[in-house]
Engineer: 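Can you read through this structure? Questions will come right after.
If you're wondering where the values come from, they're calculated on a predicted model, not measured in any experiment.
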Amino acid sequence: MQQRHPLKAACAAALILLPALALAQNATDQLQRQFPDQARRGVLRVTAPPDIELDGKPDRLSPGARMRSTDRRIVMPQQLVGQELQVNYLREGMGLVHEVWILTPAEQAQHRAGKAERVQRNYRFASEADLPAN
């Protein structure tokens with residue numbers, strides 16, 4: 001009668017599957033993150049969560065805000081206190097920062113609307129009108 005060795009079978013299966021899992025992990029590491037079109041670029045500094053500075057101006061994280069590290073993991077704002085980070089971010093309906101992606105150097109090199117651009121508008125305030133010469 002032939003004996004079965006479940007441990008040997010499990011080890012053999014693991015040896016066969018490990019290289020396939022390693023290749024799959026490398027493939028996901030090489031995928032570039034896709035950011036929503038509405039995401040803006042900025043410099044974020046967490047001061048005292050939920051208070052932050054975004055491009056040097058005081059701002060606030062929304063309740064339940066999600067911050068993702070360069071390796072796609074959720075990061076708690078308390079872990080980033082005092083660090084100045086290049087990020088892409090989205091605001092929620094009330095204007096609070098709701099989603100934040102910390103950028104890799106390659107992602108920072110890509111152009112995205114944000115901090116360096118002036119807000120353009122199609123109207124002028126009365127205070128901006130040319131004053132008549134006296």
Engineer: How many angstroms lie between CG in N88 and CZ in R40, if you round to the nearest 0.5 Å?
Structural biologist: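 Atom-to-atom, N88:CG and R40:CZ are 10.5 Å apart.
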Engineer: Would you find more than 12 non-hydrogen atoms of other residues, nucleotides or ligands less than 6.0 Å from Q34 atom CD?
Structural biologist: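 No - once you tally the heavy atoms of other residues, nucleotides and ligands closer than 6.0 Å, there are 12 at most.
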Engineer: So which atom in L103 and which in R41 form the shortest heavy-atom distance, rounded to 0.1 Å?
Structural biologist: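 Shortest heavy-atom separation between L103 and R41 comes out as CD1-NE, 3.2 Å.
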Engineer: Any salt bridge (charged side-chain N to carboxylate O under 4.0 Å, His left out) pairs touching residues 98-110, not counting sequence neighbours?
Structural biologist: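 As it turns out, the salt bridge (charged side-chain N to carboxylate O under 4.0 Å, His left out) pairs with a partner in residues 98-110, which skip direct neighbours, are R33-E107, R66-E99, R68-E99.
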Engineer: State the OG-CD distance between S69 and Q79, to the nearest 0.5 angstrom.
Structural biologist: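 Taking OG in S69 and CD in Q79, the distance rounds to 9.0 Å.
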Engineer: According to salt bridge (charged side-chain N to carboxylate O under 4.0 Å, His left out), does anything in residues 79-93 pair up with another residue at least two apart or in another chain? List the pairs.
Structural biologist: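 Every salt bridge (charged side-chain N to carboxylate O under 4.0 Å, His left out) pair that includes a residue of residues 79-93, provided the two are not neighbours, is D59-R91.
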Engineer: Taking D55 for its side chain and V43 for its backbone only, find out whether a donor-acceptor pair lies under 3.5 Å.
Structural biologist: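 Looks like yes, one N/O pair under 3.5 Å.
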Engineer: Among pairs that include at least one residue of residues 43-53, which meet salt bridge (charged side-chain N to carboxylate O under 4.0 Å, His left out), considering only residues two or more places apart or in two chains?
Structural biologist: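 Qualifying pairs: R45-E53, D51-R60.
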Engineer: Other members of the hydrophobic cluster containing V46, with the 4.5 Å side-chain heavy-atom rule, please.
Structural biologist: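 In the cluster with V46 are L44, I52, L54, L61, M67, V75, L80, V81, L85, V87, Y89, V97, V100, I102.
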Engineer: For residues 31-55, which residue pairs pass the ring pair (Phe, Tyr, Trp, His ring centres under 6.0 Å) check, not counting sequence neighbours?
Structural biologist: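 Listed once each, the pairs are F35-W101.
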Engineer: When Ile, Leu, Val, Met, Phe, Trp and Tyr are grouped by side-chain heavy atoms lying under 4.5 Å apart, directly or through other members, which residues fall in the same group as L96?
Structural biologist: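 None, because no other hydrophobic side chain comes under 4.5 Å of this residue.
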Engineer: Near D37 CG, under 6.0 Å, is it more than 12 heavy atoms from other residues, nucleotides or ligands?
Structural biologist: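 12 or below, so no.
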